[in-house]
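All remarks here apply to the structure that follows.
By convention in this document, chain letters (A, B, ...) are assigned in the order of the sequence lines, proteins followed by strands, and residues within each chain are numbered from 1. Atoms considered below: every heavy atom in the structure, side chains included; atoms not considered: hydrogens, waters and symmetry mates. Note that the structure is predicted; figures quoted are calculated from it, not measured.
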Number of protein chains: 2
Amino acid sequence: MVNGGKRSGRPRAGEERLSRDAILTAALGIVDDEGIDALTMRRLAATLKVNPMSLYHHLPNKAAVLAGLAELVFAGLELPDPGDAVPWDEQLKQAARAYRDGLRQHPNLALQVLSDASAVSDVVVVTMEPFYRALDRAGLAPREIFEAANTLIDFIHGFSLGEASVRAETFELAPDLLTRVRALPAHKAPTLSRIVNDLGADGLAYDFDSGFESGLSTLTAGIAATVRRR
Amino acid sequence: MVNGGKRSGRPRAGEERLSRDAILTAALGIVDDEGIDALTMRRLAATLKVNPMSLYHHLPNKAAVLAGLAELVFAGLELPDPGDAVPWDEQLKQAARAYRDGLRQHPNLALQVLSDASAVSDVVVVTMEPFYRALDRAGLAPREIFEAANTLIDFIHGFSLGEASVRAETFELAPDLLTRVRALPAHKAPTLSRIVNDLGADGLAYDFDSGFESGLSTLTAGIAATVRRR
DNA sequence: TCCTTATCCATACGTTGTACGATTATGTAC
DNA sequence: GTACATAATCGTACAACGTATGGATAAGGA
């Protein structure tokens with residue numbers, strides 16, 4: 001045994017260094033600190049002071065690590081429920097804001113989380129309860145509730161994806177839509193050019209927060225219209 | 001030269017086998033046929049009957065290949081514009097449907113396309129013109145047009161992401177939301193459970209197309225509410 | 001003609017995910 | 001206690017990956 005002091009073989013009881021949770025927590029740390037590309041099985045093992053192959057006793061492969069991370073992020077979500085103290089649309093908005101905030105906590109994982117359909121575990125399902133409660137209070141039919149919830153969630157996902165993508169582009173200052181449109185020959189997109197130039201007059205800088213609020217307002221107004229039609 | 005018949009060095013005029021476009025087209029074929037993971041520089045070179053390193057004369061690295069693919073997909077988009085022949089909301093919906101259809105043409109690329117912010121090239125910007133035209137006709141203020149367009153696009157992105165993710169899960173039959181909720185202890189999400197069970201009575205199977213239409217209707221209704229408030 | 005530049009090829013390096021098998025401890029059955 | 005299946009770790013090794021470096025050949029302008 002030319003093992004440099006390291007022990008090989010099963011650790012003594014209580015001395016196990018690994019567990020699924022410990023591995024995922026370490027992985028989350030790496031991703032948060034250094035980005036998703038920094039997460040390699042070797043790096044992860046080194047962080048845990050363990051041989052790379054030991055990880056495979058707890059997780060079948062790297063894909064499982066990534067899926068586990070997505071699961072972790074969802075598990076960390078906590079959507080508030082103000083209950084009947086506020087109107088249904090405000091209740092819905094609060095849940096939506098909390099959902100977006102949860103996704104923003106780990107921006108380097110956004111892509112993984114949003115695209116991992118297998119992360120649709122019980123955790124995720126339970127997360128949606130507040131949306132359903134608010135929509136139920138609004139007085140929609142079951143099918144309408146289902147569809148409205150999906151629409152809202154899709155909007156949040158799309159918004160979060162955009163937000164995460166732009167933030168990830170650190171190596172090149174994000175060429176934002178506004179400046180790009182101004183550089184465009186107007187005849188290729190006349191309406192777009194005119195609108196964006198009008199905007200520029202107001203000295204507008206795009207702001208994610210107000211963009212999100214605007215989307216929420218449009219959606220709740222649309223849902224309210226459905227309610228009124230009944 | 002132990003070169004097995006292959007010529008090395010610059011090809012004769014008119015015999016060039018590579019170009020940025022040829023490479024990207026081949027790459028798109030691989031991704032469409034076998035998924036994004038099948039796309040390696042070596043595989044791509046083999047498809048083109050070329051040495052892997054030759055690719056680097058036309059594209060700086062693999063990331064550039066992926067970005068180029070995203071660009072290709074956007075370039076393939078064609079949003080119709082029925083013009084004033086239909087109401088503004090129908091005009092808006094038609095553009096949205098075309099946009100979704102375009103993204104669906106290459107499901108294996110959806111994630112790449114949607115997350116590649118640098119794909120926001122002139123092509124993408126021009127693509128948005130029909131949205132702006134419809135919203136302009138609706139009678140919104142510039143800022144409202146800008147925000148409504150973003151909201152609609154975010155919804156389409158989120159929807160497409162979900163659609164692509166589910167379809168990609170071929171190795172495991174997608175455990176869809178409905179069946180999963182039914183297996184859930186009701187007390188963990190009472191409203192959700194009740195709603196979904198009511199849905200089940202109708203024998204509902206989730207359908208992406210109707211889900212998309214529902215989202216479009218909610219959004220246009222919300223935008224119409226903004227118009228009315230002016 | 002000479003020189004620069006464009007296009008393609010061969011070799012090679014470091015890194016990655018992980019298959020395989022060895023090693024040591026635990027927990028259960030006798 | 002002794003035997004044995006199982007669990008947790010480590011060491012070695014391999015194929016595949018992206019790409020750096022440098023060489024070969026031809027194109028095209030000076």
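If A:R42 and A:Y56 are placed on DNA chain D by their nearest nucleotide, the residue sitting closer to the 5' end is A:Y56. Residues B:S54 and A:P52 each lie close to DNA chain C; by heavy-atom proximity, the contact nearer the 5' end of the strand is made by B:S54.
In summary, B:R10 and B:E16 do not engage in a salt bridge, as defined by a charged side-chain N under 4.0 Å from a carboxylate O. B:R100 and B:E213 are not joined by a salt bridge, as no carboxylate oxygen comes within less than 4.0 angstrom of a charged side-chain nitrogen.
Closest approach to the B:P11 side chain among D:dA8, C:dC8, D:dA27 is made by C:dC8 (side chain taken as heavy atoms from C-beta onward). Among the nucleotides D:dT9, C:dT18, C:dT7, the one closest to any side-chain atom of A:N61 is C:dT18. Checking D:dC17, D:dC10, C:dC8 against the side-chain heavy atoms of B:T40 singles out D:dC17 as nearest.
To the nearest angstrom, C1' of C:dG14 lies 17 Å from CZ of A:R43. Counting to the nearest Å, the P atom of C:dT18 and the NZ atom of A:K62 are 8 Å from each other. If you measure from atom CE of B:M41 to atom P of C:dG14, you get 21 Å, rounded to the nearest angstrom. One interatomic measurement links the two molecules: CG of B:L44 to P of C:dC9, which rounds to 13 Å at whole-angstrom precision. Remark: P of C:dT18 and CG of A:N51 are 14 Å apart, rounded to the nearest angstrom. Across the protein-nucleic acid pair, B:E16 atom CD and D:dT25 atom P stand 18 Å apart, rounded to whole Å. Per the geometry, CE belonging to B:M53 stands 18 Å off C1' belonging to D:dT25, to the nearest Å. Distance CG (A:L59) to C1' (C:dT18): 14 Å, rounded to an integer number of Å.
Although no hydrogens or angles enter the test, the distance criterion places a donor-acceptor pair under 3.5 Å between the side chain of A:R17 and the main chain of A:K49.
Rounded to the nearest 0.5 angstrom, B:I156 CD1 and B:L103 CG are separated by 8.0 Å.
Residue A:R17 places at least one side-chain N or O closer than 4.0 Å to OP1 or OP2 of D:dC10. Regarding contacts with the backbone of D:dT6, every side-chain N or O of A:H57 stays at 4.0 angstrom or more from both OP1 and OP2.
Ring-centre distance between B:H157 and B:Y99: below the 6.0 Å cut-off.
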